[in-house]
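Quantities reported herein were computed from a predicted structural model and do not represent experimental measurements. We count residues from 1, following the sequence as given.
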Amino acid sequence: MKSILLLSAGLDSTVSAGVAARETEIVRAITLDYGQRAAAREVERSRRLALHFGVAHELIRLDFLARLTAPGSQSYGRPRATRAAGRRI
């Protein structure tokens, strides 16, 4: 079976990469850049992780999402939906 890794280089994706390497043939590793604060660090660590497993790494930039969540955008910092009891969720 073949697999594609979605890497952030965090604990969950690193463990998943190890399991996938043991149980499948990894054909590609993908990292998403959606404007998160740690994007540069995540990309670099994901590239190293892909190199460790011997697979090609691809970065997919989601600039539209970065614009939606950037300070100053209309959707940035809006209060989250509330429950009937008034608690934030």
Side-chain angles (χ1 to χ4, degrees):
M1 176 176 20
K2 294 182 180 184
S3 66
I4 296 174
L5 296 176
L6 181 58
L7 293 177
S8 68
L11 181 60
D12 293 337
S13 69
T14 301
V15 170
S16 295
V19 171
R22 186 178 64 230
E23 298 181 5
T24 70
E25 176 190 350
I26 304 171
V27 296
R28 173 110 21 204
I30 297 171
T31 301
L32 304 177
D33 179 352
Y34 52 92
Q36 68 273 37
R37 289 183 193 164
R41 186 174 54 238
E42 287 182 15
V43 169
E44 179 56 33
R45 291 181 180 165
S46 294
R47 283 187 177 140
R48 287 187 209 165
L49 195 56
L51 183 64
H52 172 79
F53 288 107
V55 298
H57 179 260
E58 185 171 339
L59 175 63
I60 299 175
R61 296 187 191 279
L62 301 174
D63 295 332
F64 76 95
L65 191 54
R67 286 190 303 274
L68 289 174
T69 59
S73 72
Q74 291 181 345
S75 62
Y76 182 80
R78 283 190 178 170
R80 297 175 74 185
T82 57
R83 296 182 186 178
R87 294 176 299 195
R88 288 182 179 238
I89 56 174

Side-chain heavy atoms under 4.5 angstrom apart, residues restricted to Ile, Leu, Val, Met, Phe, Trp, Tyr: same cluster for [X] and [Y]?
X: I60; Y: Y34; value: yes
X: I30; Y: L65; value: yes
X: L51; Y: L6; value: no

Item to check | Under 3.5 Å donor-acceptor, T31 side chain and L59 backbone | outcome: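 Not at all, since once roles are kept as given, no pair shorter than 3.5 Å links the two residues.
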Checklist entry - Has the side chain of S13 got a donor or acceptor atom that lies under 3.5 Å from a matching backbone atom of S8? => result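 Checking the backbone N and O of S8 against the side chain of S13, a donor-acceptor pair under 3.5 Å is found.
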Straight-line distance of [X] [atom1] to [Y] [atom2], nearest 0.5 Å:
X: R41; Y: Q36; atom1: CZ; atom2: CD; answer: 10.0 Å
X: E58; Y: R47; atom1: CD; atom2: CZ; answer: 10.5 Å
X: R61; Y: L32; atom1: CZ; atom2: CG; answer: 11.5 Å
X: H52; Y: R45; atom1: NE2; atom2: CZ; answer: 15.5 Å

Item to check | Close side-chain approach of V55 to V27, heavy-atom, < 4.5 Å | outcome: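 A side-chain contact under 4.5 Å is absent here.
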Closest non-hydrogen atom pair, [X] against [Y]:
X: A17; Y: I26; answer: O-CD1, 3.9 Å
X: A29; Y: L7; answer: CB-CD1, 3.7 Å
X: A9; Y: S46; answer: N-OG, 3.5 Å

